[in-house]
Amino acid sequence: MERGRIDLDGVPFDLQSTLESGQTYLWWRADGADYDATYGGDDWYLTTTRATGEPGVIKVRQREGGLEYRSTVDAEPVLRRRLGLGDDLRTIRASVPDDDVIEAAYDEYWGMRIVREPAFGGVISFICSAQMRVSRIHGMQQSLREAFGTPIEFEGDTYHAYPTPEQLAAATEQELRDLSLGYRAPYVQETAEMVADGADPREAQGLPYEEARDLLTRYVGVGDKVADCALLFSLGYLESVPLDTWIRTAIEEYYPDCEQGNYTDTSRAIRERLGGEYAGYTQTYLFHYLRNREE
DNA sequence: CCCCAGGCACCTC
DNA sequence: GAGGTGCATGGG
C-alpha cells in the first residue's frame, strides 16, 4: 500500500469542483454521498486505474495545502495527470478575454482543473451523458462498475474497477438496459466491442483538433458534442468547447454572433471568442458556474 | 399531465 | 449539408 502527499505549494487547486463539475463520472466519494450532496471540506474521493496494468484503487483528499492519497499503486503520477496539476491556471486565465461572466466564473471556482481521464471510460461515460442529468450519468457509471468491473480489495473494502472494453463488449444490450441506460445501451455495447476488437480512441491524440473530433465520431453513440467532451476531458485538447444545452444557452445570451447554424462553424466561432488555445477551460468554468447559479 | 436533461442515429430532401 | 423524428428514464 502506498501513502503519500502532493504539496500544492500555493498553486490554486480545488478538488471538489474538479471532480464534481460534470467533467468526469469516474470518481466517487468515500461515504457514498451522491454528487451535489453537502461536501465536508476534506472528504475522500476514490477512483480506479489501470495505468500500471492491473486494476488499482486510488483514494485522495485535499487538506492543508496539499493532496493526501492512499493507493494500491504508485498514485502520484496518475493523480498529477488525471487532475490536471500540470496546467498553469494563471497563464490560462490570462489568455481569456476580459468579460464579466467569465471573470465571475473563474473567481467562483478558482482552482478547478480540467481532468484527463482514461480514454475508454471517458468515451463510454460521455456516451451515457446524452440527454441525461449529471447525477444520473454518475450513477450509471457506478452501476457499470458493480455489474461488470473487476473487484479490488483495499483497506478492508471491496471496490470495482471500471469495466474493460472486453467486459462491456460481453454485456448484452438487455443487461445494459436493465441498468437504466435506456437507448444508450446499444451504443455502449457496440463502442465497447469496437475497442475490444482493436480500435483505440487514443489514436485521435496528436491529430489536429477537428480531425481528432471526426475520428472519434466513428464510435457508435459519439457525435460532435460527445467527441468534444472526450477530447477535452480525456485527451487533453484544452481548446475543445463541447456545445451542450448549457453552452448553447450561454451563446444565445452572451455571444449571439457566434451562433452559425451548424456545429462546426459555431464551434470555431465560440472557441475563438473564448480565447482559442484554452477555450475549453473557460467553457468548463462557465458550464459549472451557470449550472450552479440556477439553484 | 407537462417539460427537460452535458444528443445521437437514421431518415428524407 | 440541412432539417425532422424517435428514442429511455427519472425528476421537477
Side-chain angles (χ1 to χ4, degrees), chain A residues 17-27 34-37 105 109 112 114-115 117 121-144 147 171-194 201 210 213-235 237 240-253 259-268 270-271 274 279-295:
Chain A
S17 58
T18 299
L19 295 181
E20 298 198 25
S21 51
Q23 303 181 48
T24 172
Y25 305 97
L26 303 178
W27 295 72
D34 202 359
Y35 282 10
D36 299 333
Y109 297 106
M112 181 173 72
I114 298 290
V115 297
E117 293 290 37
V123 168
I124 295 294
S125 56
F126 277 102
I127 287 174
C128 292
S129 77
Q131 294 293 101
M132 196 49 59
R133 284 184 174 81
V134 164
S135 62
R136 288 200 56 212
I137 304 162
H138 182 245
M140 286 179 188
Q141 308 317 304
Q142 295 295 86
S143 301
L144 289 174
T172 65
E173 180 181 328
Q174 189 56 49
E175 285 177 309
L176 295 172
R177 284 184 185 270
D178 290 345
L179 298 179
S180 295
L181 265 64
Y183 62 82
R184 306 154 196 82
Y187 301 163
V188 167
Q189 197 279 329
E190 288 176 45
T191 287
E193 203 159 72
M194 291 171 72
E210 288 185 348
R213 191 175 65 196
D214 282 345
L215 189 149
L216 290 181
T217 59
R218 72 181 181 179
Y219 294 98
V220 185
V222 179
D224 287 330
K225 187 269 170 184
V226 167
D228 266 330
C229 286
L231 290 177
L232 181 56
F233 303 128
S234 286
L235 300 183
Y237 282 77
S240 171
V241 176
L243 299 182
D244 60 57
T245 51
W246 286 93
I247 205 70
R248 285 181 184 278
T249 302
I251 288 172
E252 231 177 281
E253 188 173 347
E259 177 52 61
Q260 299 292 312
N262 66 76
Y263 196 98
T264 301
D265 293 332
T266 304
S267 167
R268 286 177 184 164
I270 192 66
R271 267 182 285 135
L274 297 185
Y281 244 101
T282 299
Q283 185 272 3
T284 302
Y285 272 89
L286 270 180
F287 174 84
H288 194 43
Y289 178 71
L290 296 174
R291 211 169 66 86
N292 283 351
R293 200 175 60 170
E294 291 289 305
E295 296 173 3

Report which part of the nucleic acid A:Arg184 touches: base, sugar-phosphate, or nothing (heavy-atom distance under 4.0 Å, all strands). base
Report yes or no: is the ring centroid of A:Phe126 under 5.5 Å from the six-membered base ring centroid of B:dG6, with the two planes under 30 degrees? no
When you compare C:dA8 with B:dC11, how far apart are their P atoms, in angstrom units rounded to a whole number? 15 Å
Between A:Leu243 and A:Gly221, who's closer to the 5' end of DNA chain B by nearest nucleotide? A:Leu243
Report yes if at least one side-chain N or O of A:Ser129 is closer than 4.0 Å to OP1 or OP2 of B:dG7; otherwise report no. no
How many Å lie between CG on A:Leu181 and P on C:dT9, as a whole number? 10 Å
Atom-pair distance (CD on A:Gln260; C1' on C:dG1), nearest Å: 15 Å
Mind checking A:Phe233 for me? I need base, sugar-phosphate or nothing, with any heavy atom below 4.0 Å counting as a touch. base
Does either side chain, that of A:Arg213 or that of A:Ser267, offer a donor lying less than 3.5 Å from an acceptor on the other one? yes
Check whether any side-chain nitrogen or oxygen of A:Gln131 sits under 4.0 Å from OP1 or OP2 of B:dG7, and answer yes or no. yes
A:Tyr289 atom OH is separated from B:dG6 atom P, nearest whole Å, by 19 Å
So if I take every side-chain heavy atom of A:Val226 and compare against C:dT9, B:dC8, C:dA8, which nucleotide ends up nearest? B:dC8
Position toward the 5' end of DNA chain B (nearest nucleotide), A:Arg133 or A:Tyr187: A:Arg133
Integer-rounded Å distance: B:dG6 C1' and A:Gln141 CD: 13 Å
Rounded to whole Å, how long is the line connecting atom CE of A:Met140 with atom P of C:dA8? 12 Å
Do A:Asp265 and A:Arg268 sit within salt-bridge range, that is, some charged N less than 4.0 Å from a carboxylate O? yes
Less than 4.0 angstrom between a side-chain N/O of A:Thr245 and OP1 or OP2 of B:dG7, yes or no? yes
Can you say whether a donor on the side chain of A:Tyr263 sits under 3.5 Å from an acceptor on the base of C:dG1, or the other way round? no
P spacing across the pair C:dT5 / B:dG6, given as an integer number of angstrom: 24 Å
Could you tell me how the ring of A:His288 sits relative to the ring of A:Tyr109: parallel (under 30°), tilted (30 to 60°) or perpendicular (over 60°)? tilted
Heavy-atom distance under 4.5 Å between the side chains of A:Glu117 and A:Ser125, does that happen here? no
Counting side-chain heavy atoms from CB outward, which of B:dG7, B:dG6, C:dA8 is closest to A:Met132? C:dA8
Whole-Å gap separating C1' (B:dC4) and CG (A:Asp244): 14 Å
Side-chain N or O of A:Asn262 versus OP1/OP2 of C:dA2: is the shortest distance under 4.0 Å? yes
Atom CG of A:Asp228 and atom P of B:dG7 are separated, to the nearest Å, by 13 Å
Polar contact flag, side-chain donor to acceptor under 3.5 angstrom, A:Gln23-A:Ser21: yes
Rounded to whole Å, CZ of A:Arg213 lies from P of B:dC8 at a distance of 11 Å
Record whether the side chain of A:Tyr183 comes under 3.5 Å of the base of B:dG7 through a donor-acceptor pair of N or O atoms. yes
Taking C-beta and beyond as the side chain, do A:Cys128 and A:Leu181 meet within less than 4.5 Å on heavy atoms? yes
